[in-house]
Amino acid sequence: MQFTLEATDPHSQARAGSFTTAHGTVQTPIFMPVGTVGSVKGVFHRDLRDEAGAQIILGNTYHLYLRPGVELLEKAGGLHRFCGWDRPMLTDSGGFQVFSLEGIRKITEQGCRFQSHIDGSSHLFTPENVVDTQRSIGADIIMAFDECPPGTAEHAYALKSWERTARWLERCFDQFQKTACPYGYGQSLFPIVQGCTYPELRRRSAEFVRQFNADGYAIGGLAVGEPAPVMYEMIDIVNEILPADRPRYLMGVGTPVNLLEAIARGVDLFDCVMPTRNGRNGMLFTSEGIINIRNQKWADDLSPIDPAGSAFVDHTYTRAYLRHLFVAGEMLGPQIASLHNLGFYLWLVGQARRHIVEGTFTEWKAHMIPKLEHRL
RNA sequence: GGGGAGAUACCAAAGCGGCCAACUGGGGCAGACUGUAAAUCUGCUGACUUAUGUCUUCGUAGGUUCGAAUCCUGCUCUCCCCA
């Protein structure tokens, strides 16, 4: 995988670039819709590509391992073929699930033993078998198996956790080098920086992971309860250390404002459930502000969902109609809102990219942020 | 014509002398959601209010009682069964 840096903003750390994988090229900065179990909930892959403009989507090792299982995915020829998405794909390792399965999992040096949230059965994830599973899933970018501690973690735990994640990283790369993707194309393994909100741990973690000369690097363990300014500070610290000629992926972030702030700090890749989950729950992000479509105020608003939006749903349907669908509990409502939000997120990063290339990113960002926070 | 049951807030439906401004659903209104155990979860929903406060409510008119949505009587209406 080759990352090309195409432009940098003169007034910030923002950059525009592109990288190519076996399934195509991705232009950064980019947002990756989350398709945990091989489905971006409520959105056809065709609409994801043609309407929302997605270039790369996520899958999740934990969920796909449990269901439908590695055997079927291998039989299908990998997740791309199984789900009908022929563009780049990234799989998360399950580290975040380890974190969220609090109470039904046990972390040891070997790995993490956990109970399936589906049937309670016991499973063990290790750095090695998580790499193996991701080989079988066949995503273009696969993630190291890490532990994602809560934002409130004490220093002692943050240190212990990060050191273990670092040892797991070595095992991930060992296994990665000993194996190959069964479908004949190359994959990239991204390490993940941890260290909670402790600057010196973040520095040590970033310095540690950069030794692996990976195709790209991820920043994990943020937006997990810490204040946004702290998150931004951690991004600044880490990005000063991560190599400039590799893509940087801020995992699980975030709000539209988070995206612009992180892009300004040199982040290239994002993923977040927010556009889809909040969309399903009636919250729309637009270039003029945030809409809670269930609110009474939209009941007779026959204007388009988002006149500035690029997806067909934005001008085909009215706000009143979308509200009606939500109020009536129709599944089309969440589908429309999800597609709209994904289209908006991708429009936003696309605009960011354009303004970086044109050298106007910083002023454009200053102009956008109040609008993004505004509640319509 | 005879017999029986019932009328509770927007709807449905509990309550059957004080802990009732009234359980619970639904509906309505608002909020939350950040590497998806989420098409989920949380508030509020008689009026006036910051309220631990006051006022008006349980078909309707009276009555019993210190006290009634709850007991008694009349009236109105609804439903069911038999003719």
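If you're wondering where the values come from, they're calculated on a predicted model, not measured in any experiment.
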Next on the checklist: Using O4'-C1'-N9-C4 for purines and O4'-C1'-N1-C2 for pyrimidines, with syn meaning within 90° of 0, is A37(B) syn or anti?
Outcome noted: syn
Checklist entry - Base, sugar-phosphate, or nothing: which does V37(A) touch, judged by heavy atoms less than 4.0 Å apart? => result nothing
Next on the checklist: So, does R277(A) get its side chain near the phosphate of U34(B), meaning an N or O under 4.0 Å from OP1 or OP2?
Outcome noted: yes
Item to check | Sugar-phosphate only, base, or nothing, as touched by N295(A) at under 4.0 Å among non-hydrogen atoms | outcome: sugar-phosphate
Next on the checklist: Once you apply a heavy-atom cut-off of 4.0 Å, does T276(A) come out as touching a base, just sugar-phosphate, or nothing?
Outcome noted: base
Next on the checklist: With a cut-off of less than 4.0 Å, is there a side-chain N or O of Q335(A) near OP1 or OP2 of A39(B)?
Outcome noted: no
Next on the checklist: Over all strands shown, is I192(A) touching base, sugar-phosphate only, or nothing at heavy-atom distances under 4.0 angstrom?
Outcome noted: base
Next on the checklist: Check the orientation of H123(A) and F114(A). Use parallel for under 30°, tilted for 30 to 60°, and perpendicular for over 60°.
Outcome noted: parallel
Checklist entry - Rounded to the nearest 0.5 Å, how far apart are CG of L259(A) and NZ of K365(A)? => result 12.0 Å
Item to check | Donor-acceptor pair under 3.5 Å, N60(A) side chain vs G35(B) base | outcome: no
Next on the checklist: Students often get this wrong, so: under 4.0 angstrom with heavy atoms, is Q194(A) touching a base, only sugar-phosphate, or nothing?
Outcome noted: base
Checklist entry - Can you find a side chain N or O atom of S100(A) that sits less than 4.0 Å from OP1 or OP2 on A37(B)? => result yes
Item to check | Nearest-angstrom distance, C1' atom, U78(B) to C72(B) | outcome: 23 Å
Item to check | Below 4.0 Å: OP1/OP2 of A38(B) and any side-chain N or O of N281(A) | outcome: no
Item to check | Rounded C1' spacing from C81(B) to G28(B) in Å | outcome: 39 Å
Checklist entry - Taking the C1' atom of each, how far is C77(B) from A14(B), in whole Å? => result 23 Å
Checklist entry - So, is R375(A) close to the A32(B) phosphate, meaning a side-chain N or O under 4.0 Å from OP1 or OP2? => result yes
Checklist entry - Think Q97(A) has a side-chain N or O under 4.0 angstrom from the OP1 or OP2 of A37(B)? => result yes
Checklist entry - NA contact type, G221(A), heavy-atom cut-off 4.0 Å: base, sugar-phosphate, or nothing? => result base
Item to check | Pairwise C1' distance, A47(B) and U56(B) [rounded to whole Å] | outcome: 7 Å
Next on the checklist: Between A51(B) and U40(B), how many Å separate the two C1' atoms, rounded to a whole number?
Outcome noted: 33 Å
Item to check | Sole residue of F285(A), Y345(A), F344(A) in ring pair (Phe, Tyr, Trp, His ring centres under 6.0 Å) with F31(A) | outcome: Y345(A)
Item to check | R280(A) side chain near C41(B) phosphate (N/O to OP1/OP2, under 4.0 Å) | outcome: no
Next on the checklist: Between G18(B) and A22(B), how far apart are the two C1' atoms, rounded to whole Å?
Outcome noted: 14 Å
Checklist entry - Base, sugar-phosphate, or nothing: which does L90(A) touch, judged by heavy atoms less than 4.0 Å apart? => result nothing
Next on the checklist: Once you apply a heavy-atom cut-off of 4.0 Å, does R105(A) come out as touching a base, just sugar-phosphate, or nothing?
Outcome noted: nothing
Checklist entry - Touch check for M283(A), heavy atoms < 4.0 angstrom, all strands: base, sugar-phosphate only, or nothing? => result base
Checklist entry - Who is the Watson-Crick or G-U wobble partner of A7(B), with both distances under 3.5 Å? => result U76(B)
Next on the checklist: Over all strands shown, is D92(A) touching base, sugar-phosphate only, or nothing at heavy-atom distances under 4.0 angstrom?
Outcome noted: base
Checklist entry - Hey, any chance I107(A) and I192(A) share a hydrophobic cluster, counting ILVMFWY side chains that come within less than 4.5 Å of each other, even indirectly? => result no
Checklist entry - How about F270(A) and Y249(A): are their ring centres within less than 6.0 Å of each other? => result no
Next on the checklist: Distance check, C1' atoms only: G27(B) and A9(B), in whole angstrom units.
Outcome noted: 13 Å
